[in-house]
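See structure below.
Here is the naming used below: chain letters follow the sequence lines, and residue numbers restart at 1 for every chain. All values below come from the heavy atoms of this structure, side chains included, with hydrogens, waters and symmetry mates left out.
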2 protein chains.
Amino acid sequence: MKRITVSLLSLGVLANSPAFAQEPISPISPVKQINLAQVELGKKLYFDPRLSKSGFISCNSCHNLSMGGTDNLQTSIGDKWQQGPINAPTVLNSSMNMAQFWDGRAADLKAQAGGPIANPKEMAFTHELTIDVLSSMPQYQVEFKQVFGADKIDIDQVTTAIAEFEKTLVTPNSRFDQWLLGDANAINADEKAGYDLFKNSGCVACHNGEAVGGTSFQKMGVVEAYKTDNPAEGLAGVTGKDADRFKFKVPTLRNVEMTYPYFHDGAVDTLGEAVDIMGRLQLGKKFTAEENAQIVAFLKTLTGDQPQFTLPILPPSSDKTIRPTPFK
Amino acid sequence: MKRITVSLLSLGVLANSPAFAQEPISPISPVKQINLAQVELGKKLYFDPRLSKSGFISCNSCHNLSMGGTDNLQTSIGDKWQQGPINAPTVLNSSMNMAQFWDGRAADLKAQAGGPIANPKEMAFTHELTIDVLSSMPQYQVEFKQVFGADKIDIDQVTTAIAEFEKTLVTPNSRFDQWLLGDANAINADEKAGYDLFKNSGCVACHNGEAVGGTSFQKMGVVEAYKTDNPAEGLAGVTGKDADRFKFKVPTLRNVEMTYPYFHDGAVDTLGEAVDIMGRLQLGKKFTAEENAQIVAFLKTLTGDQPQFTLPILPPSSDKTIRPTPFK
């Protein structure tokens, strides 16, 4: 399938465009232009807990690919069981985000990947020790050299490989995408009614595009304030602008059935409650129970094929490898 | 390949037996008589952190199949980052053990599987809550019904499925097994010299059979006492017999290059040091540096094909699923 990019301006002029060209949500495209050697290396790094001080926490601990690319916890568990400050966003389809983290402080996946490794509340390691650990293992040495052609491993290679693996974590072929691509029976009447409500009520103003989100920052609590104990201030922490307080990156709704709990504070467990709150706080609408159920039914059609791959086998540490220190 | 069981008594009478019939170590046999539906369900359960109170710890957390079926930590990390009492043994080839846990307190894999779930220092959950969680998810309900034919999920089904998956976690085709099966070039001269030392020095008296261990309990520190801060007393805790103090199940040496750190207290990081200590404390032998290196080289030939499987995708929680409580 060819990827078709449709801007709002061009909608009117594409006479022979497929059905989805008329829709504000576009189907997920297959992954293209991938460096497969980097992907295989990045997959190992993604699953390697030796990138943490404790030797226990890997990227996959909080962005678990068995569980929709999240940990399904309100906020994550970090080194020494520290409570994370914010809900872990899904890694699935995250390459489609305009920026990474809830506050967009990382421009892309590569910039994001180095963050948790060195965050004392998350993996609690350092980039220097990460390189020491990886360089101490002959298998990693050989693989990095094969992939990057350099004699020394560096953090830029590490984050490049992890990001390349993450680019493969897309979830095509959801029932909604099948419908977008022309299979009228891929979603049922309730689900279609839910989609119509989603469009006509204004949800789609923010949740649009290939990822059904990830394309803008929006204030949490437009019509009515959002009450939370979570102190996160969102985009304002990056821009320093008071106008950006409580602005967060609009999360993707792809696979949203799997990425509970919801919102930046992970305070909401169910899709029904999330839809109700979004309707009231962002749109000033109180959906009826039937409308709510229809929107939830639509949202569940956004679950796509989960990434399928063989669990990587990690190179063993050598006698020279620095050992983890979980209890120090 | 047919599995050939050779008892010591029968060695003399097998005129046409293969080469390995003369050896105290036998090659790993392929897995047979497996219930594949149970395996697929058990694989999901093995990777499902919702079998823990925190929603963060799964079987795979401490018996990580990317890392030789262990966590490569001295002692494991449990709920709320509690420090475990003993080194996590590898799950690989564990079906070959005469009993499970270092002190053999579980007769088999099924009996073992329920332990960590309900251990307040490990997964810190209860069997009742485990069943509540699993029963709340339609996908699990259907799969359990398909596999076991019963209307209700129970803990016996859970541990049966996990154990069945674990039975598939064998590592055939190591270079040493290739040599046993007749490929004279599968191991080099140093590795062969190491094996001869391993046999002739007496290591093989305890480390024998298909798993190169797992067939007996032995005292840690026979010739010379083993010094450790770890308070584990081993088999005595199960039998109540003073004579069983510091007796531990002899660990498998299959994949031992991957299952560091070594011994029940996980105090030793390298194979060289482990071989030196075993020689002195168990056999009263001080291996030379060359002998030590040869034995280590032999031990590294015991690394087999690691289990290859697709990372399982877990059923999402439903609105009724009890949520994890990592910080309560």
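When each of B:S54, B:G272, B:P49, B:S58 is checked for heavy-atom pairs under 4.5 Å with chain A, B:S54 comes out on top. Between chain A and the options B:T321, B:N64, B:T310, the largest number of non-hydrogen pairs under 4.5 Å is found for B:T310. Of the residues considered (A:Q306, A:Q83, A:E257), A:Q83 shows the highest number of contacts with chain B, using heavy-atom pairs under 4.5 Å. Ranked by heavy-atom pairs under 4.5 Å with chain A, the first of B:K80, B:R50, B:Q308, B:M258 is B:K80. Comparing B:D269, B:D319, B:L271 by how many heavy-atom pairs each has under 4.5 Å with chain A, the most go to B:D269. In terms of non-hydrogen atom pairs under 4.5 Å with chain A, the most contact-rich of B:D79, B:D71, B:T75 is B:D79.
Neither the backbone nor the side chain of A:D48 comes within contact range of chain B; no heavy atoms are under 4.5 Å apart. When heavy atoms are compared at a cutoff of 4.5 Å, A:P261 does not approach chain B at all. Only the side chain of A:P324 comes within contact range of chain B, judged by heavy atoms closer than 4.5 Å. With a 4.5 Å cut-off on non-hydrogen atoms, B:S61 touches chain A through its backbone and its side chain both. With a 4.5 angstrom heavy-atom cutoff, A:S318 does not touch chain B via any of its atoms. Only the side chain of B:L73 comes within contact range of chain A, judged by heavy atoms closer than 4.5 Å. Looking at B:S317, the atoms closer than 4.5 Å to chain A (heavy atoms on both sides) sit in the backbone and in the side chain alike. Within the 4.5 angstrom heavy-atom criterion, only backbone atoms of A:S76 (N, CA, C, O) approach chain B.
Under the 3.5 Å distance criterion, the side-chain polar atoms of B:S66 are matched with a main-chain donor or acceptor of A:P312.
Contact annotation: the side chain of A:L169 approaches that of A:E166 to within less than 4.5 Å [non-hydrogen atoms, C-beta and beyond].
Using bins of under 30°, 30° to 60° and over 60° for the plane-to-plane angle, the ring pair A:F47/A:F309 lands in the perpendicular bin.
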Show your reasoning for whether salt bridge (charged side-chain N to carboxylate O under 4.0 Å, His left out) applies to B:E191 and B:R175.
CA-CA 10 Å; B:E191 292 159 349; B:R175 288 196 293 118; 2.8 Å; yes

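Pairing each heavy atom of B:Q74 with each of B:A267, the nearest pair is NE2-CA, 3.8 Å. Taking all atoms of both residues into account, the shortest heavy-atom contact from B:N87 to B:D265 is CB-C, 4.4 Å. The two residues B:K328 and B:K53 make their nearest non-hydrogen contact at O-NZ, 2.6 Å.
A distance of 5.5 Å separates CD1 of A:I187 from OG1 of A:T301, quoted to the nearest 0.5 Å.
No cation-pi contact links B:R254 to B:F176, judged by a cut-off of 6.0 Å to the six-membered ring centre and 45° from its axis.
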